[in-house]
Amino acid sequence: MNRLVLTPPLSTLWAERDAFAAAAELARDAATGSVVRDLEGRRTLRFEIGGRGYYLKHQSGIGWGRILEELIHLRRPVLGAGNEWLAIQTCHALGVPTMTAIAYGERGRGPARRESFLVTAAIEPAVDLDVHTRDWRNVPPPLAHKRALIAAVADIARRLHEGGMNHRDFYLCHFLLRTDGGLSGAPQLALIDLHRAQMRPATPRRWRDKDLSALYFSALDIGLTRRDKLRFLRHYFPGPLRATLQREAALLRHLEHEAARLKRRYERKFANRPALQR
């Protein structure tokens, strides 16, 4: 397997170089940028070209141990950057706002040592919705802004799931809100971290429900009212709200149960650790 896509500015900057070697060198040299994440054979780095920000995700291979662990737990292992590259293209096709990929490469036949990289343009200035909504319970936002955000998140979720795609890490922290326009007007959101996303002709109900449960869990403590939740349902499901509440009663009970379970698991996991952000 050998795949390589380069667009400006990297198509010019790396024109005379082996793109894989250039990406690996950039990933190794933390002095050229700031390391955002470094685990499981993957390193994410923010760097700049001509004053503009970009993110590099470089993967050197996850190893057979991790592959077997994923298979034992009946999870499909993500072997390289190709899945996120495809997920970004799928989002664009579905009208789901997301990152812009400017470079992608993947090579190597063995699944455990497949080398790959993905470069995306930074979405800046922006704040993730977990941070943006953290003080809503104590300092409520303008009502129009909250309603617009709920509608925008619901629209993204609906487009994603109707298009046969599920995120698998569908939390508020993976929605970026552009901040250059202030709180007035329609919120400009972008869905990020598509590394584990799955794409099919139709989204299985099980995976749709997992996404919705994760999203609801991440919003449990931001002070949403019953009206806020109903607003989300009205934008996510087609048809009259009354019919949705009757048709999806089992799902709504499941979401309450799953969100509570995820919260208990989260609290147990971090019970003896210093306070962390969600």
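Computed over heavy atoms, backbone and side chain alike; hydrogens, waters and symmetry mates excluded.
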With Tyr236, the side chain to side chain donor-acceptor pair (under 3.5 Å) member among Arg158, Arg231, His161: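 The passing option is His161.
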
Hey, could you give me the [atom1]/[atom2] distance between [X] and [Y], rounded to the nearest 0.5 Å?
X      : Y      : atom1 : atom2 : result
Leu4   : Trp14  : CG    : CH2   : 9.0 Å
Leu56  : Arg46  : CG    : CZ    : 13.0 Å
His92  : Ile88  : NE2   : CD1   : 6.5 Å
Thr244 : Arg234 : OG1   : CZ    : 10.5 Å
Leu10  : Phe117 : CG    : CZ    : 8.0 Å
His58  : Arg43  : NE2   : CZ    : 10.5 Å

Less than 4.5 Å apart, side chain to side chain, heavy atoms only: is that true for [X] and [Y]?
X      : Y      : answer
Leu86  : Tyr104 : no
Asp130 : Ile222 : no
His195 : Gln59  : yes
Pro97  : Gln188 : no
Ile102 : Pro9   : yes
Ile192 : Cys173 : no
Met165 : Leu194 : yes
Leu251 : Arg205 : yes

Exercise: identify the closest heavy-atom pair between [X] and [Y]:
X      : Y      : result
Glu48  : Gly51  : OE1-CA, 3.9 Å
Arg178 : Glu124 : NH1-O, 3.6 Å
Pro187 : Leu177 : CB-CD1, 3.7 Å
Arg247 : Pro238 : NH2-O, 3.8 Å
Gly108 : Asn2   : N-OD1, 4.4 Å
Leu255 : Ser213 : CD2-OG, 3.3 Å

Residues Arg28, Glu25: salt bridge by 4.0 Å N-O rule: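 Glu25 and Arg28: not salt-bridged.
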
Pairing of Glu258 and Arg206 as salt bridge, 4.0 angstrom limit: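 The answer is no: the pair does not qualify as a salt bridge.
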
Could you tell me whether the side chain of [X] and the main chain of [Y] form a donor-acceptor pair under 3.5 Å?
X      : Y      : result
Asp128 : Val131 : yes
Asp211 : Arg168 : yes
Thr12  : Pro8   : no
Gln89  : Trp85  : yes
Thr98  : Leu191 : yes
Asp155 : Ala152 : no

Audit row: His235, Val153, side chain to side chain contact (heavy atoms under 4.5 Å, CB included) steps and yes/no: CA-CA 9 Å; His235 284 277; Val153 170; over 6 Å; no

Test of understanding: clusters of I, L, V, M, F, W, Y form through side-chain heavy atoms closer than 4.5 Å, transitively. Do [X] and [Y] belong to the same one?
X      : Y      : value
Leu212 : Met199 : yes
Leu176 : Val36  : no
Tyr55  : Phe47  : no

Verdict with reasoning, Leu160 to Thr203, per side chain to side chain contact (heavy atoms under 4.5 Å, CB included): CA-CA 9 Å; Leu160 199 74; Thr203 304; over 6 Å; no

Partners meeting ring-ring contact (aromatic ring centres under 6.0 Å, His included) with Tyr216 (sequence neighbours left out):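 So Tyr216 forms no ring-ring contact (aromatic ring centres under 6.0 Å, His included) with any residue.
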
Residues that His174 engages under ring-ring contact (aromatic ring centres under 6.0 Å, His included), provided they are two or more places apart: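 Counting only residues at least two positions away or on another chain, His174 forms a ring-ring contact (aromatic ring centres under 6.0 Å, His included) with His167.
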
Plane angle bin for Phe217 and Tyr171 - parallel if under 30°, tilted between 30 and 60°, otherwise perpendicular: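 Geometry flag for Phe217 against Tyr171: perpendicular rings.
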
side-chain hydrogen bond (donor to acceptor under 3.5 Å, both in side chains) between His254 and Asp209, intermediate numbers included: CA-CA 8 Å; His254 172 75; Asp209 294 354; 4.8 Å; no

